[in-house]
Amino acid sequence: MPELPEVETVCRGLKPILEGQRIARLTLRRKDLRIPFPQGLAQTLTGHRVMRIARRAKYILLHMDDDHVAIIHLGMAGRMQIVDPATPLEAHDHVIIVTDSGAEIRFNDPRRFGLMTFTTEAALDSHKLFAHLGPDPMGNGFNAPFLVAALKGRKTAIKLALLDQRIVVGIGNIYASEALHRAGISPKRRAGTVTLARAEVLVPAIKQVLQDAIAAGGSSLRDHVQPSGELGYFQHAWRVYGRAGEPCPVCATAVTRLVQGARSTFYCRVCQR
DNA sequence: CCTTGAACCTGCGGGC
DNA sequence: TGCCCGCAGGTTCAAG
């Protein structure tokens with residue numbers, strides 16, 4: 001899944017193809033993904049121009065010329081692919097978007113954990129999907145005092161707290177492990193025990209790892225591909241994720257894998273406290 | 001309110 | 001070769 005850096009990369013890749021272009025045709029090849037496509041989705045977007053493409057949390061937003069906003073989430077394995085229209089359809093190509101200029105984009109999502117829906121500009125902030133989200137980690141609103149306050153009293157592990165989109169958005173399973181390693185904080189530490197001093201290290205670590213990943217064009221696991229079809233290469237820069245048994249890049253201790261909330265965590269038990 | 005666990009769905013790699 | 005198992009980037013819902 002695309003975490004914040006991958007979604008950001010997808011947005012940037014779609015920008016030159018979609019922004020300013022009119023949607024000539026939008027085809028839904030099934031009736032739902034994680035949630036049903038809403039009534040009128042295709043009709044609402046067809047014939048309208050995409051004025052601006054933006055990321056909010058891990059969602060892609062298409063701001064249309066008529067006050068509507070298309071909302072897309074890539075789930076765990078979703079991809080937006082810019083293709084030659086002559087390319088044969090593949091399994092799991094669920095949504096096809098064709099612009100007036102003839103460009104074609106296919107939303108492919110094998111696991112169907114993604115979604116596509118729409119709302120209006122006026123209803124965007126209070127939309128069910130966005131109403132309870134925390135701040136964007138790349139913004140000024142996400143800082144050490146804020147994080148300490150958000151974690152106050154929480155007994156859950158810091159790793160799980162970082163995955164909680166109500167606290168801060170955009171961080172997923174890979175970057176949670178990576179940020180905690182960079183900050184020297186154990187993923188098992190109770191969230192409420194993260195002091196201001198530790199948060200002053202963790203917050204910049206989160207911003208930096210996300211920024212580094214964006215600069216590298218995102219990570220690519222078995223599924224993630226940039227809209228251009230190129231692979232992101234940040235996975236080569238992972239320090240602990242997926243590296244159980246390999247030496248910690250800081251102290252050479254073997255990286256440990258553990259399970260938290262039914263998901264893998266990777267960390268160094270020596271230099272992360 | 002918080003925390004935990006299960007559920008959604010498909011594909012892939014490893015072990016036998 | 002084929003089958004079974006575990007695992008995979010996220011979110012949401014129910015239950016305690």
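Note that the coordinates shown come from a computational prediction; the quantities given were computed from them, not determined experimentally. Excluded from the calculations below are hydrogen atoms, water molecules and symmetry mates; all remaining heavy atoms, backbone and side chain alike, are included. By convention in this document, chain letters (A, B, ...) are assigned in the order of the sequence lines, proteins followed by strands, and residues within each chain are numbered from 1.
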- Let me see the working for A/Thr195 and A/Arg198 under side chain to side chain contact (heavy atoms under 4.5 Å, CB included), right down to the final yes or no. CA-CA 5 Å; A/Thr195 58; A/Arg198 284 183 181 277; 3.5 Å; yes
- Which listed nucleotide (B/dC2, C/dA8, C/dC13) is nearest to the side chain of A/Arg154? B/dC2
- Note on the structure: Taking a pair to mean Watson-Crick or G-U wobble geometry with both distances below 3.5 Å, B/dC9 pairs with none
- Proximal nucleotide (of C/dA8, B/dG11, C/dT12) relative to the A/Leu129 side chain: C/dT12
- Message: Expressed as a whole number of angstroms, how long is the span from A/Ile35:CD1 to C/dG10:P?
- Response: 18 Å
- Message: Using atom P in both nucleotides, what's the gap between B/dC9 and C/dC3 to the nearest angstrom?
- Response: 23 Å
- Choosing from B/dC9, B/dT3, C/dT11, which nucleotide comes nearest the side chain of A/Lys58? C/dT11
- Task: Tell me, with the steps shown, if A/Asp84 and A/Thr87 meet side chain to side chain contact (heavy atoms under 4.5 Å, CB included).
- Result: CA-CA 6 Å; A/Asp84 182 317; A/Thr87 311; 3.6 Å; yes
- Item | Whole angstrom value for the distance that separates P of B/dC1 from CG of A/Asp164 | 13 Å
- Message: Using the six-membered base ring of B/dC8, report whether A/Phe113 stacks on it, requiring centroids under 5.5 Å and planes under 30° apart.
- Response: yes
- Message: For A/Lys155 and A/Ala91, find the nucleotide of DNA chain B closest to each by heavy atoms; which residue's nucleotide sits nearer the 5' end?
- Response: A/Lys155
- Task: Describe the nucleic acid contact of A/Arg263 in one word from base, sugar-phosphate, nothing, applying a heavy-atom distance below 4.0 Å.
- Result: base
- Ignoring the backbone of A/Arg257, work out which of C/dC7, B/dT10, C/dT11 is nearest its side chain. C/dC7
- Rounded distance (Å) that lies between atom P of B/dT4 and atom CG of A/Leu160: 7 Å
- Message: Under 3.5 Å, is there a donor on one side chain and an acceptor on the other for A/Arg257 and A/Ser264?
- Response: yes
- In whole angstroms, the gap separating C1' of B/dT3 from CD of A/Gln260 amounts to 14 Å
- Below 4.0 angstrom from OP1 or OP2 of C/dC7, is there any side-chain N or O of A/Ser264? no
- Query: Whole Å only: how far is the CZ atom of A/Arg166 from the C1' atom of B/dT3?
  - Reply: 10 Å
- Message: Tell me whether the side-chain N or O atoms of A/Arg111 pair up with the base of B/dC9 as donor and acceptor below 3.5 Å, since no angle test is needed here.
- Response: yes
- Task: Send over the distance from A/Asn108 CG to B/dT10 P, rounded to a whole Å.
- Result: 13 Å
- Look at A/Gln165 and C/dT11 and indicate whether a side-chain polar atom (N or O) is within less than 4.0 Å of OP1 or OP2. yes
- Task: When you get a sec, tell me which of B/dC9, B/dT3, C/dT11 is the closest nucleotide to the side chain of A/Arg34?
- Result: C/dT11
- Item | Shortest side-chain distance from A/Pro110, nucleotide among C/dT11, B/dG11, B/dC9 | B/dG11
- Message: Using every non-hydrogen atom in the two residues, find where A/Ala199 and A/Val148 come nearest and quote the distance to one decimal.
- Response: CB-CG2, 3.6 Å
- Message: When you compare the side chains of A/His92 and A/Asn108, does any donor N or O come within less than 3.5 Å of an acceptor on the partner?
- Response: no
- Task: For the residue pair A/Tyr241 and A/Phe266, categorise the inter-ring angle as parallel (less than 30°), tilted (30 to 60°) or perpendicular (more than 60°).
- Result: perpendicular
- Item | Separation of atom NE2 in A/His73 from atom P in B/dC9, rounded to whole Å | 17 Å
- Message: Quick check on B/dC9: is either OP1 or OP2 less than 4.0 Å from any side-chain nitrogen or oxygen of A/His92?
- Response: no
- Item | Integer-rounded Å distance: C/dT11 P and A/Ile167 CD1 | 14 Å
